[in-house]
Amino acid sequence: MQKSSCTDADRRLLAALRDCGTDPRVAAAARALSRAGEHAALWLAAGLAAAAVDRDRRGSWLRGTALVAAAHLASMGVKRVVRRPRPQLLAAEPLVSTAGRHSFPSSHASSAAAAAVAYGALWPAGARLVPPLAAAMCVARMVAGVHYPSDIAAGALLGGVTARAGAAWMREPLERGRR
């Protein structure tokens with residue numbers, strides 16, 4: 001097995017968060033959030049639903065959804081290069097199964113951060129509602145014992161940068177319509 005490139009602080013914080021999963025309510029929430037975020041499903045569905053409802057900004061919502069998908073795909077590409085193994089905690093088994101065996105960066109965090117940036121820019125209430133849900137999903141992956149904190153931080157950075165880089169493209173139809 002490949003040696004993990006995480007720090008002692010990474011391991012200690014992960015162990016502390018995973019210990020929170022011994023509470024059945026916390027474990028259930030971590031499982032639910034992990035499942036909802038698998039393959040960016042929650043965020044892609046939210047973007048597509050918003051595009052269906054908000055006809056005036058459908059193109060912007062679809063572009064925002066594409067940015068979420070791009071962040072998710074980018075994280076999967078980085079995983080193939082870095083190949084950091086998932087955490088293995090002696091004291092506790094993971095609360096969820098994973099689609100792959102590599103953990104860096106977290107694809108859940110990438111898509112969640114991209115959604116927070118993209119959807120927050122398109123929907124004023126989303127700027128207040130999406131970031132806490134995205135953060136909860138990120139924490140849930142550590143509580144579930146499948147990501148180190150540095151996986152989450154790198155994934156969130158990747159997702160935020162991806163969405164921010166595409167912000168002008170995402171809002172282009174809005175800006176053109178206001179001239």
Side-chain angles (χ1 to χ4, degrees), residues 5-6 10 14 17 30-54 57-87 96-144 146-175:
S5 59
C6 65
D10 234 3
L14 172 62
L17 287 166
R31 284 186 188 102
L33 286 165
S34 287
R35 286 186 193 114
E38 197 65 48
H39 305 295
L42 171 67
W43 310 115
L44 296 174
L48 293 174
V53 172
D54 187 355
R57 296 184 299 166
R58 178 172 287 148
S60 295
W61 280 108
L62 291 174
R63 285 179 176 88
T65 304
L67 290 171
V68 171
H72 183 76
L73 291 171
S75 71
M76 290 171 46
V78 173
K79 279 182 198 245
R80 288 181 178 262
V81 172
V82 175
R83 304 177 66 81
R84 178 195 269 180
R86 296 251 179 215
V96 295
S97 60
T98 59
R101 63 180 192 257
H102 299 118
S103 69
F104 184 92
S106 165
S107 295
H108 279 71
S110 294
S111 59
V117 171
Y119 301 163
L122 289 172
W123 181 41
R128 292 186 307 278
L129 298 174
V130 178
L133 180 57
M137 184 173 286
C138 291
V139 171
R141 297 300 282 171
M142 293 179 289
V143 170
V146 295
H147 279 295
Y148 294 106
S150 57
D151 298 338
I152 299 297
L157 179 64
L158 177 61
V161 167
T162 300
R164 186 67 188 115
W169 171 68
M170 181 184 65
R171 290 190 307 261
E172 185 176 284
L174 286 176
E175 299 303 319

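All values below come from the heavy atoms of this structure, side chains included, with hydrogens, waters and symmetry mates left out.
The heavy-atom pair separating R83 from R101 by the smallest distance is NH2-NH2, 3.4 Å. Here the closest non-hydrogen pair linking H147 and K79 is CE1-NZ, 3.8 Å. For A113 against G160, the heavy-atom pair with the smallest separation is CB-N, 3.8 Å. When every heavy atom of P131 is checked against every heavy atom of G126, the shortest pair comes out as CD-O, 3.3 Å. Residues L42 and L133 approach most closely at CD2-CD2, 4.0 Å, considering heavy atoms. Closest heavy-atom contact between P87 and V146: CD-O, 3.3 Å.
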Notebook entry, point to check: Going through the checks in order, is the side chain to side chain contact (heavy atoms under 4.5 Å, CB included) test met by W61 and V53?
Noted result: CA-CA 10 Å; W61 280 108; V53 172; over 6 Å; no
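E38 has its side chain within reach of H108: a pair of non-hydrogen atoms, C-beta onward, lies under 4.5 Å apart. Using a 4.5 Å cut-off on side-chain heavy atoms (C-beta onward), H72 and S110 make no contact.
Surrounding CZ of R58 are more than 12 heavy atoms belonging to other residues, nucleotides or ligands, all under 6.0 Å away.
A donor-acceptor contact shorter than 3.5 Å is absent between the side chain of R63 and the backbone of A168. H102 places no side-chain N or O within 3.5 Å of a backbone atom of R80 that could act as its donor or acceptor partner. Proximity of a side-chain donor or acceptor of D10 to a complementary backbone N or O of Y148 within less than 3.5 Å is not detected.
Atom-to-atom distance recorded for R84:CZ and D151:CG is 4.5 Å, nearest 0.5 angstrom. Taking OG of S60 as the start and OH of Y119 as the end, the distance is 12.5 Å to the nearest 0.5 Å. Interatomic distance, CZ of R86 versus OG1 of T98, reported as 4.0 Å (0.5 Å rounding). Note that CE of M137 and CZ of R141 are 9.0 Å apart. Values are rounded to the nearest 0.5 Å. The OG atom of S106 sits 12.5 Å away from atom CG of L157, with the distance rounded to the nearest 0.5 Å. Note: M142 CE to S150 OG = 10.0 Å, rounded to the nearest 0.5 Å.
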